[in-house]
Structures are given as C-alpha cells and as structure tokens.
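It should be emphasised that the depicted structure is a prediction, and the values quoted were computed from it without experimental measurement. These values consider heavy atoms only, across backbone and side chains, with no hydrogens, waters or symmetry-generated copies. Below, chains carry the letters A, B, ... as their sequence lines are ordered, and counting in each starts from 1.
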Number of protein chains: 2
Amino acid sequence: MTTVRRAKSSRPGVGREGGLATEVLGFVWRRKAVSRAEIARHTGRSRSTISEVVGRLLPTGLIEEVGSGESRGGRRPILIGFRDRASVILGVDIGAAHVSVALTDLRGRILEWREEDHPVRSDPQGTADLAVRLGEACLAARGNGVPTPMGIGVAVPSPVDPGSPYRILERILPAWHAFDLLGELRDHFQVPVFVDNDANLGALAEHHWGKAVGIDDFAYLKVATGIGAGLMIGGEIYRGATGVAGEIGHVAIDPRGPECVCGNRGCLATFVGTAPLLSRIRALLPQFPQSVLNGAAADIRALEDAALADDPLALKVVDEAARNLGIVIAGVLNLMNPGSVIVGGSLARLGDRLLVPLSEAVASRTLVASAAASRIRTSELGPRATALGAATHVLAAALADPRLFPGVSAS
Amino acid sequence: MTTVRRAKSSRPGVGREGGLATEVLGFVWRRKAVSRAEIARHTGRSRSTISEVVGRLLPTGLIEEVGSGESRGGRRPILIGFRDRASVILGVDIGAAHVSVALTDLRGRILEWREEDHPVRSDPQGTADLAVRLGEACLAARGNGVPTPMGIGVAVPSPVDPGSPYRILERILPAWHAFDLLGELRDHFQVPVFVDNDANLGALAEHHWGKAVGIDDFAYLKVATGIGAGLMIGGEIYRGATGVAGEIGHVAIDPRGPECVCGNRGCLATFVGTAPLLSRIRALLPQFPQSVLNGAAADIRALEDAALADDPLALKVVDEAARNLGIVIAGVLNLMNPGSVIVGGSLARLGDRLLVPLSEAVASRTLVASAAASRIRTSELGPRATALGAATHVLAAALADPRLFPGVSAS
DNA sequence: CCCACTTTGTTCGGCTACCGAACAAAGTGG
DNA sequence: CCACTTTGTTCGGTAGCCGAACAAAGTGGG
C-alpha cells in the first residue's frame, strides 16, 4: 500500500480564475483592513508567499497600506486595505419605459445618478443614445478630470442567453431585433461591457450589498412592469440551459384565470405587475369610493403610498398580489429549498404589509421543513437596486479575474 | 499601462480537487482509450508533463497501456485505457419496503445483484443487517478471492442534509431516529461510505450512464412509493440550503384536493405514488369491469403491464398521473429552465404512454421558449437505477479525488 | 528598567510542477 | 529512399510556493 499524504491545504471555490493574486485581492476586498499575516492564515499560504503577492499588488493601486492594527502580543501588523476609489464603474438599468445610470466606486457606493423616462420598447437607438448621454453626465459630474470607468454593466428587462449574450431582447421587444446596444456602449466608452437580466442583477446586488450578504443560495423576486426572479445558486447567478431560468411570469397559478399574452391562462403575469395591478385598482374603485386612489395618479407609486397610509383599497390590491406571489414562492421553496427569499422591486417598500399575507400563502403550500429554513424578506436597496447590480456585475467579474482592473498585469 | 499577457491556458472546472493527476485520470476515464499526446492537447499541458503524470499513474493499476492506435501521419500512439476492473463498488438502495445491492466495476457495470423485501420503515437494525448480508453475498459471488470494495454508496428514501449527512431519515421514518446505518456499514466493511437521497442518485446515474450523459443541467423525477426529484445543476447534484431541494411531493397542485399527511391539501403525493395510484385503480374498477386489473395483484408492476397491454383502466390511471406530473414539471421548467427532464422510477417503462399526456400538460403551462429547450424523456436504466446511482456516487467522488482509490498516493 | 517571549514582515535557499527544446523511435507519402 | 509528421522521453530551466532564519516591534512579569 502506498502512503497517503495529507492534501495540500486548498480551500475549494475561493478563486475561480487566476491564482493566488485573485484570492488575496478578493480577501482584502471582503475584509476591509487586514494584515499580511492574517491573509496568510486565512488562505493557508505562508507569510513569505503572501508578502510577495501583496508586494506585487501594491503598485497596481488596488490595495494600499492603511496604517497599523492592534498588537496581538507581538509586533503590530501593517493593515492592507482595498482602494475603493481606485476606479469607477457605470451601471445602466434599461427598464421597460426608462433608463437609469449609476456611477459607483469599487464598493458599490453610488457616486452619481441620472435617470430619464424613455419609450424603450419602440426606440432602441434613442435608448442607446440616452444611456450614453446619462453615462457621460455621471462621469462629467465627478469634476477634476473626467475618469474612465473600468467597465459598464447593463441590466435589460429580458432573458439573456448565456450562450450568445449579445443577441438580446428579440423575443420580448421585436423593435430591438438585431440592435446592438452593447456594441454602441462599447464603441463609445471603449471599455468592457457586460449584460444580464434585471432580476439576476437585482439578486447580485442583494448578494453584495443587501439582505443576502453571506447567503449563497437564495431567490430574488422583482415586481416591476413585469415580474421575474433571479436565482443565486452556490454564489453564482443561475441561468439555466437557455438563460430563461427564473422567468416566473408565466407560471400558471389559476387554470381558470384570464388569458395571457403567452397563450396560456392564469399566468402570474396576468395578476402581478404594473398593468394588472393598476387595472385591478380601477376595477375595485367603485367599491371603495372614499379611497385616496380615487382621482390620484394611476401609477404604482400612488398604490404604494396609499397602502403605506393603510388605504383599504390599496391594502386589498396588495393583499391579493401577495397571495399570488406566495403561490409561486411556495413552488420555489419546494423545488429549490433556497436559504432565503428576497422580494424587491415595486412593492418591497411595503414591508410587512406585503410579507404577512405572502407568508400566509406560502405556509399553506410548503412542507414545514423547507419553509422554516427560508426566511422571506423585502429588499431595502430601493429603486436603484438594478443599476447598482449592473455595476456590481462588473466588480464581481474583476474580482474574479483582476486582469480586468486597469493597470493590472497577468500573473 | 502595464502589459496584459494572455491567460495561461486553463480550462475551468475540469478537476476540482488535487491537481493534474485528477484531471488526467478523469479524462482517461471518459475517453476510454487515448494517447499521451492527445491528453496533452486536451488538457493544455505539455507532452512531457503528461508523460510524467501518466508514468506515476500507471503503477497504481488504475490505468494501463492497451495497445497502439492509428497513426495520424507519424509514429503510432500508445493508447492509455482506464482499468475498469481495478476495483469494485457496492451500491445499496434502501427503499421504503426493500433493500437492493449492486456490485459494480468502475464503469457502472453491474457485476452482481441481490435484493430482498423488508419492512424497512419499522426495522432499522434488520435493514442494516440485511444490507450487510446482501453486500457480502455480492462480494462472495465474485469467486477467486473475495474482493474488497473501494467504497459503499447508499441511497435512502429521504432528504439528506448536506450539513450533517450522518443524521438521516429522522423526519420521515421516526423508527430510524438516531440509528446509524452508515456507521454499521462502515464498521463491517471497513471502507468509506457515502449517502444521498434516492432521487439525487437516480439523477447521478442518468448523468453517467443514462439519457443525461453530456447534459449538466437537468431534472430527474422518480415515481416510487413516494415521489421525488433530483436536480443536477452545472454537473453537480443540487441539494439546496437544507438538503430538501427537489422534494416535490408536497407541491400543491389542487387547492381543493384531498388532505395530505403534511397538513396541506392537494399535494402531488396525494395523486402520484404507489398508494394513491393503487387506490385510484380500486376506485375506478367498477367502471371498468373487464379490465385485466380486476383480480390481478394490486401492485404497480401489474399497472405497468396492463398499461403496456393498452388496458383502458390502466391507461386512464396513467394518463391522470401523467397530467398531474406535468403540472409540476411545468413549474420546474419555468423556474429552472433545465436542458432536459428525465422521468424514472415506476412508470418509466411506459414510454410514450406516459410522455404524451405528460407533455400535453406541460405545453399548456409553459412559455414556448423554455419548453422547447427541454426535452422530456423516460429513463431506460430500469429498476436498478437507484443502486447503480449509489455506486456511481462513490466512483464520482474517487474520480474527483483519486486518493480515494486504493493504493493511490497523494500528488 | 530589563528580559523572556510573541507576532509581524522580509530574505534566502530549496523543492515541485510544469514547460520548451532537443532527440530517438516509428510512422506517412512522394 | 527521403523529407516530413507525430509520438514519447530526456533534460535543463523557470515560476510559485514553502520553511527556516532573522530583524523589527511589540507584550508582560519581575
């Protein structure tokens, strides 16, 4: 029998591309100030090795020495910190009827914000021009020398095929057929451009900055013009075989329900989303003559405000939406057993007014075991979550492969 | 700007633990006969490196030179093959009312098979003793020197918590509380023991030997005493946060349906599974007096046989079951967008008699885009799939970390 | 204040994995 | 028969990482 030695201490799944430099950079990013010795302990490498890697990383400007820490009984450590200001990222949120752009630093702080309504569905070229204009405005507002972003992330309200991410939107928005939004942005700004579905990027934002920090398996639901879900599995966005994983808008929840544009009956999308919610308000208005929604602006924001003011009509509409969402979430829990479910988008502001009826609907349809394991919560990232997630995508890509950072050479 | 060199050719996700030896071993296993030069080309390493690794692997007995191949215009290559007979594996299938044991080689060929009915639910110790006895019988039957298996895989009809896989079955089978089945097997055979849920292992078997070869994202449904699903995502079994992912038995498909043991109403488990199917036959018998099921043995096998003989009652029961399964599968497609769906277990033998109504139910509940991408098929592995999957689990673990193979040292 | 002991960060020699160049062996086709 | 490929091996070199040793800078007890 041959001898069996111990495995070299290797923590699986820490860095996916590149080597030790990637791992160290990610670790410094997560722990905002950390000594070389501590990096060595946590990565399983020797102090000498870490010292050398840090020495190679310092001149890139991505990390810096930020003073000294407390002694643990010996010499005081020199703390290494991540330079959040080393570069900036543009996050673009293409909605169904608006474009928003965020300029962020490398820790997801939104430095500048621009948004504008636009008929996105019918005007691809105008949308691209608008995105460029808003992006330039964000960069120009930084003053003292217009910075070059390290990359641009784009969120689109449509599935993105992981196989050919550059052909997008065709199925949902016919006017966008063969229009190359990403190419326009890349040509103008001359930096790498990434795309993904808006719900997926919302999930990514929650994972980095929201309620899903530290949770690697969760589902994120987004209610907006339409409804979609972003699935994070093992810390990675899950897209499925053809990129339509999480497209829950057309799950049938009532076989006798109204007809849907997809051809089936009773899809979730016929109950929840901007249009069905507003039409439901109109249908119920006669029964609630004293509702504040009578005569108010017919938009989701008014519905939210009314519900927060405990307007009976608004609460009834929200309650119905919550129960319909609950049916679908119950299916998600039974099938995927996520560690957490986060509800974002339009209705997240409502907090318990949404969660209480939703949780009731879920509890009546799931095993105790899977329901108990999953906490259902509302997002707190607000309406900027999608653009923030788009920027986060660029950051995550760079942390996984630091050669994306400007001025970082391979190693 | 610092120079940016090309990445070292590294194919991500090939070997997960250990180094090049793991990668080479896995490659040789997949391609049954392959030259050193070809390994070098496919792994991106140099011929000299591969030559050295192969040289270290040969004396372990896991691979061997198996003759020479066709010349491609130069010297003829020496083909390297995997020695499927280098060791054997025991796969144990603990069912609800039976125990099956398979002895396999390293390519999933079943060399010996033993099975016996047993009141598994109520008798844990007897079940463990039976598994040991059947396992010993398999080994003894190999003749010329009883071999030592390299490991034992166990399939259990219950979720397995990835956090503490040794505490199992408690929720489903109270009599098994704190009984250590795995410890019994490990103590007796003195080899590593692995466990997983039966549906998960069925999916693993399909991935290696069945209809899912080459497909890394798919769902496997198993109909037996109960009903469960195994989800493969990115080539790995997905267990969810607490190990109950794929427990679809309690998805509610009819809010007005019969009460279920779980406390809800209209769960899939109240419609599909051994007990509900047999009870449905009994309920319909008066309407089908000339059915061959009248007076036949009341088990699933009789139902299958009758359906294959186009017995109207059997076809009606199967049709109903297929439509109920279809509802749940539609949910799986909408949410996970798998590349393929495979139906195994009791009803798989029925082929199109099951698939036609099932596909109809699915088509009426899914978007064209996700339904078109997913092929729904029946398994062909038959009733031995679960035990085979259990053995496959051991093999997969060893291929991912060859130090598990007897006589292989670290490196 | 002194001294034994820690912890940090660096230096340096050495090991291992891998590569590239060179080469012999064994084939191809003209 | 000869020019050219392809395979598999040998051998020197390189890069990444480690361990030992060491100086720097701290701790606490006497």
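D84(A) meets the salt bridge (Lys or Arg N to Asp or Glu O under 4.0 Å) test with R107(A), R109(A); sequence neighbours excluded. Residues forming a ring-ring contact (aromatic ring centres under 6.0 Å, His included) with H393(B) (at least two apart in sequence, or on another chain): F194(B). D187(B) meets the salt bridge (Lys or Arg N to Asp or Glu O under 4.0 Å) test with no other residue; sequence neighbours excluded. The salt bridge (Lys or Arg N to Asp or Glu O under 4.0 Å) test applied to D196(B) returns R239(B), not counting sequence neighbours. Applying the side chain to side chain donor-acceptor pair (under 3.5 Å) criterion to W209(B), with sequence neighbours excluded, gives T392(B). Take E65(B) and apply the side chain to side chain donor-acceptor pair (under 3.5 Å) test, not counting sequence neighbours, and it matches R36(B). Looking at residues two or more places apart in sequence or on another chain, you find a side-chain contact (heavy atoms from CB on, under 4.5 Å) between S46(A) and S48(A), T49(A).
S46(B) has a side-chain polar atom (N or O) that falls below the 4.0 Å cut-off from OP1 or OP2 of dC19(C). For dT8(C), the OP1/OP2 oxygens have a side-chain nitrogen or oxygen of R41(A) closer than 4.0 Å. Proximity of S71(B) to the phosphate of dT28(C): no side-chain N or O atom is located under 4.0 Å from OP1 or OP2.
Spacing between atom CD of E23(B) and atom P of dA17(C) amounts to 15 Å, rounded to whole angstrom units. Rounded to whole Å, the distance from CG on L20(B) to P on dC19(C) is 8 Å. Summarising the geometry, the separation between CG on L57(B) and P on dA17(C) is reported as 13 Å, rounded to the nearest angstrom. Atom CD1 in I50(B) sits roughly 16 Å away from atom P in dT10(D) (whole-Å rounding). The distance between atom CD of E65(A) and atom P of dT8(C), rounded to the nearest whole Å, is 15 Å.
Side-chain contact between M150(B) and V191(B) is absent, with no heavy-atom pair separated by less than 4.5 Å.
Along DNA chain D, the nucleotide nearest L79(B) and the nucleotide nearest V53(A) are compared for position; the residue whose nucleotide lies closer to the 5' end is L79(B). Taking for each of P77(A) and R72(B) the nucleotide of DNA chain C with the nearest heavy atom, the 5'-most of the two is the partner of P77(A). The nearest heavy atom of DNA chain C to E52(B) and to R36(A) marks one nucleotide each, and the one closer to the 5' end goes with R36(A).
Secondary-structure annotation of DNA chain C gives the stems C:1-30 with D:1-30, with a stem taken as at least 3 successive Watson-Crick or G-U pairs whose two distances both fall under 3.5 Å.
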Give me, pair by pair, the N or O atoms of the protein and of nucleotides 20-25 of chain D that are less than 3.5 Å apart, along with how far apart they are.
| residue | atom | partner | partner atom | Å |
| --- | --- | --- | --- | --- |
| dA25(D) | N3 | R75(A) | N | 3.3 |

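Between the side chain of R83(B) and the backbone N or O of E64(B) there is no donor-acceptor pair closer than 3.5 Å.
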